Protein chains: 2
Amino acid sequence: MQDVAKAAGVSPMTVSNVINDHPNVRPSTRAKVLEAMARLDYRVNVAARNLSKGRTGVIGLAVPEVNSAYYGRLAVGIIAAAERRGLRVSIEQTASRENELDALSLSRNHQYDGLILSAAGMSQADAERLKVEHPVVVLGDRIFGGPVDHVAMPNLEASRVAARHLVERGCRRIAIMCGAVEEVNPSSLRLTGYRQALEDADLPADPGLIQQVGRLDMREGARRAREMTQSGLDFDGVFCVTDSLAMGVIRGLADAGIRVPDQVKVIGFDNVSDSEFFIPSLSTIDPDHDGMAERAVDLLIRRIEQTGPSTRHRDFIGDFSLVIRESTGG
Amino acid sequence: MQDVAKAAGVSPMTVSNVINDHPNVRPSTRAKVLEAMARLDYRVNVAARNLSKGRTGVIGLAVPEVNSAYYGRLAVGIIAAAERRGLRVSIEQTASRENELDALSLSRNHQYDGLILSAAGMSQADAERLKVEHPVVVLGDRIFGGPVDHVAMPNLEASRVAARHLVERGCRRIAIMCGAVEEVNPSSLRLTGYRQALEDADLPADPGLIQQVGRLDMREGARRAREMTQSGLDFDGVFCVTDSLAMGVIRGLADAGIRVPDQVKVIGFDNVSDSEFFIPSLSTIDPDHDGMAERAVDLLIRRIEQTGPSTRHRDFIGDFSLVIRESTGG
DNA sequence: TTGTATGCGTTATCAT
DNA sequence: ATGATAACGCATACAA
């Protein structure tokens with residue numbers, strides 16, 4: 001910037017004013033400066049600007065895995081919402097609880113104006129760690145009642161609706177496929193919704209119908225579905241806590257010669273973009289991804305712009321709707 | 001840092017040395033400093049550190065869309081390769097040619113140590129814009145022979161193999177579904193490979209079998225496949241330039257009552273993680289994602305660490321293999 | 001409309 | 001083993 005100023009015969013401050021489109025710059029001066037900038041191939045140093053302004057114009061989005069349809073969909077919503085407010089978003093993969101905590105603490109400060117953390121590995125016990133002084137919004141389901149703003153999925157209610165849909169389609173032996181059940185994680189909440197739906201329908205709760213798997217992906221879904229059939233388990237419906245799991249289950253059932261929805265009906269959760277094109281197309285819960293994203297960005301910006309003492313955190317639960325497709329005979 | 005130094009009764013420099021694990025700090029001093037840091041809840045300001053060091057330890061990955069199975073897979077490889085070298089990666093969505101150019105120029109400088117750009121919208125005409133002084137590696141297929149390092153897919157050869165596979169499975173009227181064909185983009189290269197395979201097999205090249213679609217996603221694939229059947233087009237095989245397209249095509253054919261692979265065989269390109277679980281599972285080309293990612297990160301790091309005058313750029317083409325699954329008859 | 005002085009929080013260099 | 005000093009490149013506040 002000094003060089004540009006010298007070359008244009010002005011002070012560095014004037015160059016700065018030109019770069020930042022300040023109003024009070026004479027057109028001729030602006031032209032001179034722009035010319036010098038072009039000639040010297042000048043680029044602003046964002047690191048310096050960030051240090052000086054104390055703002056970066058970038059918010060971070062930390063997700064457990066980048067290669068997942070669900071988090072991809074989530075990112076799209078966040079990016080759109082942030083863009084509308086003039087912010088860029090930068091995505092990072094956390095992969096482990098360790099990294100999630102790391103994303104919160106030391107190193108990321110001042111790199112982003114704020115952080116949207118979609119936590120998967122953190123537990124209620126880590127809630128204390130969320131007590132950071134910079135803007136953070138948690139998107140997801142753990143750490144309910146933690147010390148930060150929180151936008152959650154309508155896990156319980158939506159799961160109840162999903163399971164009820166299977167009941168209404170005539171299923172009587174409804175299995176659930178979920179992840180490890182601990183504290184208030186998505187799997188535990190969705191399991192509760194499932195149980196309520198069975199209870200509502202006066203169906204017995206058979207523990208053998210509760211299938212917990214290690215990862216919520218297609219591979220696990222397919223593997224477990226094959227095991228379920230081989231073990232002779234009697235079931236006519238499966239509520240899967242993610243669409244990926246559901247597609248895997250359908251695949252696994254197909255491998256075992258079982259037709260969906262004729263013999264077994266399957267419903268998922270997430271309304272991932274592929275689910276519409278899968279064969280059979282997947283009935284599922286459509287969470288209001290964009291609404292939740294919008295809300296999360298809103299909350300974050302509020303925190304970023306708030307200067308006074310930190311106000312009490314707020315919790316939100318998103319909307320949802322039931323999408324009926326072929327996998328439940330729809 | 002000043003506050004910590006004062007509280008610990010040392011100089012800021014010593015605090016810095018403690019933070020950065022420098023060897024020459026007496027244990028007792030280190031303890032004092034750590035205690036003061038904890039007491040004051042001190043966090044380093046990364047913006048300041050970046051400015052001072054001229055390095056961030058972060059590389060950027062700019063992709064056209066974050067919600068795509070292919071770019072998700074790519075990101076996984078890049079993140080793994082970067083992590084092995086002690087770098088973090090930050091993903092940004094470019095979405096438009098404009099943003100791709102933007103990712104290169106002004107604003108991102110000094111935000112990242114280097115940029116891996118997976119370009120989709122840029123054309124050969126934009127090659128000049130790639131002449132930037134900071135480290136950039138292009139991952140993808142446009143801008144061949146541009147002024148930067150480049151890691152490319154084995155588009156032509158792999159497509160030839162894919163189309164030949166259909167021939168070997170007895171297809172005689174083989175369609176290709178690709179995107180807009182212009183200059184040397186993936187679609188044009190893959191189309192060339194397809195044409196060569198037909199020629200190799202002495203099959204006529206019917207222009208009606210070349211189906212260009214707007215987007216390379218499932219929706220377009222399904223829509224176009226339905227149109228192809230409705231229009232009475234005669235074909236017994238389809239080579240789709242992406243797996244997403246292929247899954248969409250299979251879905252569209254199913255809607256029209258056409259069975260894959262019995263009546264029509266379909267092969268994709270990318271070996272996206274879902275393709276194994278789709279029904280029918282998808283035959284496809286498996287590019288060496290991880291090898292390409294590794295190479296791209298290598299090249300980038302070389303540029304980052306190189307201090308002297310810029311050396312000539314280098315081009316690489318990745319490996320690939322043919323994956324045969326149900327959609328071409330197993 | 002333009003320029004001067006100062007500070008953002010850290011690290012490198014060199015001295016002690 | 002520790003500290004003083006000077007950048008890093010920009011923006012803010014205020015003066016001219």
Side-chain angles (χ1 to χ4, degrees), chain A residues 1-37 40-58 105-113 132-134 304-305 307, chain B residues 1-37 40-58 105-113 133-134 304 307:
Chain A
M1 197 151 130
Q2 305 253 18
D3 298 342
V4 173
K6 212 161 290 172
V10 299
S11 79
M13 201 50 241
T14 300
V15 178
S16 174
N17 284 334
V18 168
I19 291 170
N20 295 290
D21 278 328
H22 277 232
N24 291 342
V25 179
R26 197 181 303 157
S28 62
T29 317
R30 172 185 307 277
K32 270 194 310 189
V33 171
L34 289 174
E35 185 277 330
M37 279 173 43
L40 300 184
D41 197 28
Y42 167 80
R43 315 290 168 98
V44 303
N45 180 326
V46 180
R49 167 182 290 173
N50 290 346
L51 176 59
S52 188
K53 300 224 300 190
R55 283 278 181 91
T56 64
V58 180
S105 61
L106 300 172
S107 46
R108 267 66 157 186
N109 295 335
H110 304 275
Q111 179 95 296
Y112 305 133
D113 293 342
V132 289
E133 85 297 348
H134 53 266
I304 291 172
E305 280 167 358
T307 54
Chain B
M1 200 152 125
Q2 306 253 18
D3 298 342
V4 174
K6 211 161 292 170
V10 299
S11 78
M13 203 50 238
T14 299
V15 178
S16 174
N17 284 335
V18 168
I19 291 170
N20 295 289
D21 278 327
H22 277 231
N24 291 340
V25 178
R26 195 183 306 158
S28 62
T29 322
R30 172 185 306 279
K32 270 193 310 187
V33 171
L34 289 175
E35 185 276 330
M37 280 174 41
L40 300 184
D41 196 28
Y42 166 81
R43 315 290 167 100
V44 305
N45 180 324
V46 179
R49 167 182 290 172
N50 290 346
L51 176 60
S52 188
K53 303 225 299 190
R55 283 276 182 93
T56 64
V58 180
S105 60
L106 302 172
S107 45
R108 268 66 157 185
N109 296 335
H110 304 276
Q111 178 95 297
Y112 305 133
D113 293 344
E133 87 296 349
H134 52 265
I304 291 172
T307 56

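None of the values given here were measured: they were computed from a predicted structure. Below, chain A is the first sequence line, B the second, and so on; all start at residue 1.
Going from atom CD of A:Gln2 over to atom P of D:dA7 covers 12 Å, rounded to whole Å. When rounded to the nearest whole Å, the span between NZ of B:Lys32 and C1' of D:dG3 equals 13 Å. One atom, CE of A:Met1, and another, P of C:dG3, lie 12 Å apart when rounded to the nearest Å. Atom P of nucleotide D:dC8 and atom CG of A:Asn50 are separated by 18 Å, given to the nearest angstrom. Straight-line distance from the CG atom of B:Asp3 to the P atom of C:dC8: 11 Å, rounded to whole Å. Spacing between atom NE2 of B:His22 and atom P of C:dT10 amounts to 14 Å, rounded to whole angstrom units. For the pair A:Arg55 CZ and D:dT12 P, the interatomic distance rounds to 11 Å; values are reported in whole Å. The separation between A:Met37 atom CE and D:dC10 atom P is 10 Å, rounded to whole Å.
For the residue pair A:Ala5 and A:Ser11, the shortest heavy atom distance occurs at CB-C, 3.6 Å. Residue B:Leu51 comes nearest to A:Ala48 through the heavy atom pair CD1-CB, 3.6 Å, listed as atom of the first residue, atom of the second, then distance. The minimum heavy-atom distance linking B:Thr29 with B:Thr14 is given by the pair CG2-CG2, 3.9 Å. Of all heavy-atom pairs spanning B:Arg55 and B:Ile304, the tightest one is NH2-O, 3.6 Å.
A:Thr29 has no side-chain polar atom (N or O) that falls below the 4.0 Å cut-off from OP1 or OP2 of C:dT1. Residue B:Thr14 places at least one side-chain N or O closer than 4.0 Å to OP1 or OP2 of D:dG3. Not one side-chain nitrogen or oxygen of B:Asn45 sits closer than 4.0 Å to the OP1 or OP2 atom of C:dG9. Listed pair B:Ser52 / D:dC8 fails the phosphate criterion, with no side-chain N or O lying under 4.0 Å from OP1 or OP2. Taking only side-chain nitrogens and oxygens, B:Ser16 comes nearer than 4.0 Å to OP1 or OP2 of C:dT11.
Comparing D:dA4, D:dA11, C:dT1 against the side chain of A:Arg49 picks out D:dA11 as the nearest. Nearest to the side-chain atoms of A:Val44 among the listed nucleotides D:dG3, C:dT10, D:dC10 stands D:dC10. Picking from D:dA11, C:dT2, D:dG9 the nucleotide with the shortest atom distance to the side chain of A:Asn20 gives D:dA11. Nearest to the side chain of A:Lys53, among C:dT10, D:dT12, C:dA12, sits D:dT12. Looking at the side chain of A:Met13, the nearest of the listed nucleotides C:dT1, C:dC8, D:dT12 is D:dT12.
Each of B:Arg30 and B:Leu51 was assigned the nucleotide of DNA chain D with the nearest heavy atom; the assignment lying further toward the 5' end belongs to B:Arg30. Mapping B:Ala48 and B:Asn17 onto DNA chain D by nearest heavy atom places B:Asn17 at the nucleotide closer to the 5' end.
A:Val33 pairs with exactly one of A:Val25, A:Asn17, A:Val18, A:Ile19 by the side chain to side chain contact (heavy atoms under 4.5 Å, CB included) rule, that one being A:Val18.
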